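Let me begin by presenting the structure, written as structure tokens, before commenting on it.
Bear in mind that the values here come from a model prediction, so they are computed numbers and not experimental data.
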Amino acid sequence: MSIEHWLAFVAASAVLLAIPGPTILLVISYALGHGRKATTATVAGVALGDFTAMTASMLGLGALLAASAAIFTGLKWIGAAYLIYLGIKLWRVPVSDRSADTEDTETAKERPFRIFLHTYAVTALNPKSIIFFVAFLPQFLDTSKPIAFQMIVFEVAFLALATLNATTYGLMASMARKTIRKPSVQRLVNRTGGTLMIGAGLLAAGWKKAAA
């Protein structure tokens, strides 16, 4: 594999990852609601979710999803319903004018493992991601060289970029959270994030297999 292929893949992946999708929206919402402590759990969920999607693609699940309308539709509706559920949950999060330290104590009640599982599910249960990897990776593969090694290198590079991207969004959101004191502002942030999450779920539900 040439360095040119690797650099092209890294550049394209960085641009695509920088565009906020359902996963990043979830990372931001957890960072705003739970602070910096939630960043580790959400970033781990993103990394493992992307790893699952990429590995599934490499093992042929992407081709199966592309061929089977039933499997694709099932995963699509599960992922869409979960996104809508999380959006509604975020809409209903209670707000208060207590200090950030007090809020951290209260929000710590939601275990990091649950946050991790939520983020992982949103990232991994997205058939569009799996099919995307199937369509995206081959563009950078050099068929004259061992394919398996190239795919592993690309997967490691993408996971590193995805982890860095999620960490950046999470830390920025947790820092912005400290400036949010008024209940009206907190409510606006929660409901905006919840609306975006619900919208992402509706878009996922309407995403057609033919678009892959």
Side-chain angles (χ1 to χ4, degrees), residues 13 16-58 61-62 65 71-93 107 110-136 155 158-174 177 189-209 211-212:
S13 298
L16 291 169
L17 286 168
I19 302 172
T23 297
I24 293 302
L25 290 176
L26 188 60
V27 169
I28 292 173
S29 69
Y30 270 126
L32 289 174
H34 298 264
R36 190 171 297 182
K37 293 180 180 179
T39 301
T40 300
T42 54
V43 168
V46 169
L48 186 59
D50 279 330
F51 173 77
T52 301
M54 291 191 76
T55 302
S57 300
M58 294 177 185
L61 181 55
L65 286 173
I71 294 177
F72 176 87
T73 300
L75 279 179
K76 180 184 72 173
W77 282 107
I78 290 174
Y82 194 63
L83 283 173
I84 294 172
Y85 160 75
L86 291 175
I88 295 173
K89 184 178 179 181
L90 184 58
W91 245 81
R92 300 175 64 183
V93 170
T107 55
E110 182 161 8
R111 296 180 180 179
F113 186 64
R114 279 192 70 184
I115 296 175
F116 162 78
L117 287 178
H118 286 172
T119 312
Y120 170 75
V122 169
T123 308
L125 292 178
N126 186 353
K128 184 177 180 180
S129 295
I130 298 174
I131 293 179
F132 165 75
F133 287 131
V134 169
F136 183 63
E155 182 168 5
F158 188 90
L159 290 176
L161 289 170
T163 300
L164 177 61
N165 183 64
T167 301
T168 301
Y169 272 108
L171 291 177
M172 289 176 63
S174 64
R177 174 177 179 265
V189 170
N190 288 343
R191 292 184 175 179
T192 299
T195 300
L196 291 174
M197 195 72 66
I198 293 171
L202 294 175
L203 286 175
W207 193 72
K208 298 183 181 299
K209 178 171 170 289

For Ala38 and Ile115, the nearest pair of non-hydrogen atoms, with its separation, is CB-CD1, 4.1 Å
Determine the minimum heavy-atom distance between Val27 and Ala166, stating which atoms define it.
CG1-O, 3.6 Å
Return the OH to CZ distance between Tyr120 and Phe113, rounded to the nearest 0.5 Å.
11.0 Å
Taking all non-hydrogen atoms of both residues into account, name the closest pair between Thr42 and Thr39 and its distance.
OG1-O, 2.9 Å
Identify the two heavy atoms, one from Pro112 and one from Ala41, that lie closest to each other, and give their separation to 0.1 Å.
O-CB, 3.4 Å
Looking at CE of Met172 and CD1 of Ile28, how far apart are the two atoms once the value is rounded to the nearest 0.5 Å?
8.5 Å
Point-to-point distance, once rounded to the nearest 0.5 Å, from OH of Tyr30 to CZ of Arg114:
7.0 Å
Only counting residues at least two apart or in another chain, list the ones meeting side-chain hydrogen bond (donor to acceptor under 3.5 Å, both in side chains) with Thr55.
Glu155
Write down the atom of Gly170, the atom of Ala31, and the distance for their closest heavy-atom approach.
O-CB, 3.3 Å
When every non-hydrogen atom of Asp50 is compared with those of Ala162, the smallest separation belongs to OD2-CB, 3.3 Å
To the nearest 0.5 Å, what is the distance between CG (Asn165) and CZ (Phe158)?
9.0 Å
Would you check if Phe116 and Leu48 make a side-chain contact, meaning some heavy-atom pair closer than 4.5 Å?
yes
Under the side chain to side chain contact (heavy atoms under 4.5 Å, CB included) test against Thr123, which residue among Val46, Ile24, Leu26 passes?
Val46
